[in-house]
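Reckoned from all heavy atoms, side chains included, excluding hydrogens, waters and symmetry mates. None of the values given here were measured: they were computed from a predicted structure.
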Amino acid sequence: MKIATYANARTTLEARKGVGKAFITAFRSGAVMGFLLASSGLVVLYITINVFKLYYGDDWEGLFESITGYGLGGSSMALFGRVGGGIYTKAADVGADLVGKVERNIPEDDPRNPAVIADNVGDNVGDIAGMGSDLFGSYAESSCAALVVASISSFGINHDFTGMCYPLLVSSVGIIVCLITTLFATDFFEIKAVKEIEPALKKQLIISTALMTVGIAIISWLALPAKFTIFNFGTQKEVSNWGLFFCVAIGLWAGLIIGFVTEYYTSNAYSPVQDVADSCRTGAATNVIFGLALGYKSVIIPIFAIAVSIYVSFSIAAMYGIAVAALGMLSTIATGLAIDAYGPISDNAGGIAEMAGMSHRIRERTDALDAAGNTTAAIGKGFAIGSAALVSLALFGAFVSRAGVKVVDVLSPKVFIGLIVGAMLPYWFSAMTMKSVGSAALKMVEEVRRQFNTIPGLMEGTGKPDYATCVKISTDASIKEMIPPGALVMLTPLIVGTFFGVETLSGVLAGALVSGVQIAISASNTGGAWDNAKKYIEAGASEHARTLGPKGSDCHKAAVIGDTIGDPLKDTSGPSLNILIKLMAVESLVFAPFFATHGGLLFKYL
C-alpha cells in the first residue's frame, strides 16, 4: 500500500512525458505487491516448517497438520482485508458518484466533491490490501492442502523432504519465471501508443504461463522420484512424476483460460460490453438487465475450465492432484498481482491529475491506463475466484481425509441438509455485504449533499470541502460492518461440526463451494462490464460510442447508474465470496480431528 500510494503521484507526473513512461511506473509499482506476496509467503512457510520440525521430529503427519494453521491465519486476515476494504472503498465510490456525477454534473475525481479523497484512499484499501490478502490466503492454503495430503502419502511416510516440498518448489520457480516475464513489459518492449497497453498486459499472462510450463516440467523431473504413491481416501494410489506435471500444468492453463474469458466479458474492446453500453439508450433498466445477463453468461466457460481441471487432476493424482492444480493456477501469482495492482495505481493517477488541475491531455493518458487497469483487475478477480474454487476443493479433500470420512453420500439426509444450507450461505453473506455498502453509501450521500448545500462557495470552487468527515464515515462503516459477515463465515463450520458432525459439515462445504463460485464470477463480471460500458461511452473512441453521447447525456447517466449498482457487486460481495468458501474449508480442516471424535452432538443424543 505504501509503494502504491507513492506511485500514484509519480505515475501522474510520468504521464507528462508520455503514456509509455507512465505505464512503466504503474506496472513496476504493481509488481512490488506481486513479488512481495509470493516471496514472503514462501519464505515464511519454509521457515515455519523447519522450526516446527525441531519439535515434531519424525512425526510428519502431526507437523503438516499443524502447518494448516498458516492457511487459516492468512485467510482470516484476508476476510477482514477483503470485506472491510470492499465496504470502505465502495461506500465512498457510490456516494461520490451519485451526488457528484448524477446530481451535480461535476466530473469524476473533482476536488469540489467531498467524498473524492475517501474514494481514492478506498482504491488502495480495497484493491491493493484486499486483493493482496485474498490471494495470499489462496496461496498459503493451497500449499497447506498439498502438504497435508503429501504427509500421509509416500513422501511423508518415507521422509522424502524434496518430494514433500514439491508445492514450495513450484511456487519458487514461479517467482523466477515472473521476474523474467516482467522484463518483457518494462525493458524489452517499449510502449509507445495507448492501444498497446492492454496487449502488453495480456502478453504478461501468456509469457508467464508458457515459461512456467517449462519450469514445472524441469522441477517435476528433478525433484520427484519416477514413481510414488498418493493417499486416496484410505488407499494409496501410484502416480508418476510426469502425472504431477500434468496436474500443475492443467491448473496453470485453466487459470489463463479463466483470465481471458473474464477479459472478453469485461473489456470494452469486445461486443459483450459494447452491447451493454448500447442498451443504455433506453435507460438504466435495460442496462441493468443486459449487465446481469452478461454476468450469468460469463460463468459458463470458467466453470467448464474448472470442471475439466478437477476431473483430470483428480484422476491422475487424487486430492493431491487438485491441490497442486490450484498451486499451478497461483504459480504465476507475481505477474497476476502486478497487472492487478496496476489498476488502482493508474486509477488514482487519474484522480490526482484531475484534482491537481493538470491538462486535459494528461487526464486522457491516465484514463487510457485506467481502462486497461479495469480489465486487468477483472482478470485478477477471475484468477482469485478460479483458484479459490480449486483450493477449497483441495482443502475439502484434505478435510475428508483427516476426518476419516470414506465417502460423502448425497442421498443421506445428514449430508443433503448440509448441502442445501451450504448453498444458501453465499447468498446470506452477499446480502450482508451488499446491505453494508448500501447503508454506508446512504450516509455518505447525505453527508456530501449536506456539504454541497451548506458550505458557501463549494460549487464555485472558492469554499473548501470537509474531506475528513467522509473518510471517517467510510472507515467507521468498514470496521463496524465487517463483523457480521466475518462471524457468519467463522462460526458456521464450528457450529455445524460440533452439533451435526463431519458428514453434515462436508455437505455444507460442498454446497457453499458450488454456489459460491457461480455468484462470485457472475457478480464480479457484471460489475466490471458496467464499469467499462460507462468508460466506453465516456471515452467516445469509436463511432458507436460517440452516438451514445458525451458525458452528462441520458445514455451516460444510465451507464453511471449501472456502474454504481455494479460497484458493490464487483468489489465487495463478488471477491469476498472466495474467502467464504476457502475460509470455511480451511477452518474445517484445522478442526477436523476434533469434529471426528467429539462432533455431531445432536445426532448422538437424538
Please examine the side chains of Asp127 and Thr89, heavy atoms only from C-beta on, and report whether any two atoms are closer than 4.5 Å.
no
Can you sort out the partners of Tyr467 under ring-ring contact (aromatic ring centres under 6.0 Å, His included), two or more places apart, ordered by chain and number?
none
Side-chain (Thr572) to main-chain (Gly86) donor-acceptor, under 3.5 angstrom:
yes
Do other residues, nucleotides or ligands put more than 12 heavy atoms under 6.0 Å from Ile3 CD1?
no
Only counting residues at least two apart or in another chain, list the ones meeting side-chain hydrogen bond (donor to acceptor under 3.5 Å, both in side chains) with Ser172.
none
CD of Glu538 to CG of Asn532, rounded to nearest 0.5 Å, is 10.5 Å
Please list, chain by chain and in numerical order, all residues satisfying side-chain contact (heavy atoms from CB on, under 4.5 Å) with Asp466, sequence neighbours excluded.
Gln451, Ala468, Thr469
Going by side-chain contact (heavy atoms from CB on, under 4.5 Å), Val276 matches just one of Asn268, Val288, Thr526, Leu294. Which one?
Leu294
Any salt bridge (Lys or Arg N to Asp or Glu O under 4.0 Å) involving residues 255-276? Give me the pairs, sequence neighbours left out, ordered by first then second residue.
Lys202-Glu263
Residues forming a salt bridge (Lys or Arg N to Asp or Glu O under 4.0 Å) with Glu460, sequence neighbours excluded:
none
Audit row: Asp563, Lys535, salt bridge (Lys or Arg N to Asp or Glu O under 4.0 Å) steps and yes/no:
CA-CA 10 Å; Asp563 174 36; Lys535 288 226 164 54; over 6 Å; no
Inter- and intrachain pairs under side-chain hydrogen bond (donor to acceptor under 3.5 Å, both in side chains), touching residues 92-103, at least two apart
Lys90-Asp93, Lys101-Glu108, Glu103-Arg449
For Phe290, does the CZ atom sit with more than 12 other heavy atoms under 6.0 Å from it, leaving out its own atoms?
no
Decide if atom CG of Asp476 counts as having more than 12 heavy atoms of other residues, nucleotides or ligands within a radius under 6.0 Å.
yes
The single option from Val173, Leu179, Ile180 passing side-chain contact (heavy atoms from CB on, under 4.5 Å) against Val177
Val173
Run the ring-ring contact (aromatic ring centres under 6.0 Å, His included) test against Tyr536 and tell me which residues pass, sequence neighbours left out.
His544
When you look at CZ of Arg546, are more than 12 heavy atoms from neighbouring residues, nucleotides or ligands closer to it than 6.0 Å?
yes
Does the side chain of Lys381 pick up a donor-acceptor pair with the side chain of Thr262 at under 3.5 Å?
no
Contacts of Tyr342 that satisfy ring-ring contact (aromatic ring centres under 6.0 Å, His included) - sequence neighbours left out:
Phe23
Using atom types as modelled and distance alone, determine if a side-chain donor or acceptor of Thr433 lies under 3.5 Å from a backbone N or O of Ser430.
yes
Using the test salt bridge (Lys or Arg N to Asp or Glu O under 4.0 Å), find all partners of Arg281 that sit at least two apart in sequence or belong to another chain.
Asp278
So which pairs with a foot in residues 283-302 pass side-chain hydrogen bond (donor to acceptor under 3.5 Å, both in side chains), sequence neighbours left out?
Thr282-Thr286, Asn287-Trp530, Ser298-Asn525
Residues at least two apart in sequence or cross-chain that pass ring-ring contact (aromatic ring centres under 6.0 Å, His included) with Phe184, listed by chain then number, are Phe188
Of all pairs that satisfy salt bridge (Lys or Arg N to Asp or Glu O under 4.0 Å), the ones with a partner from residues 332-350, not counting sequence neighbours:
none
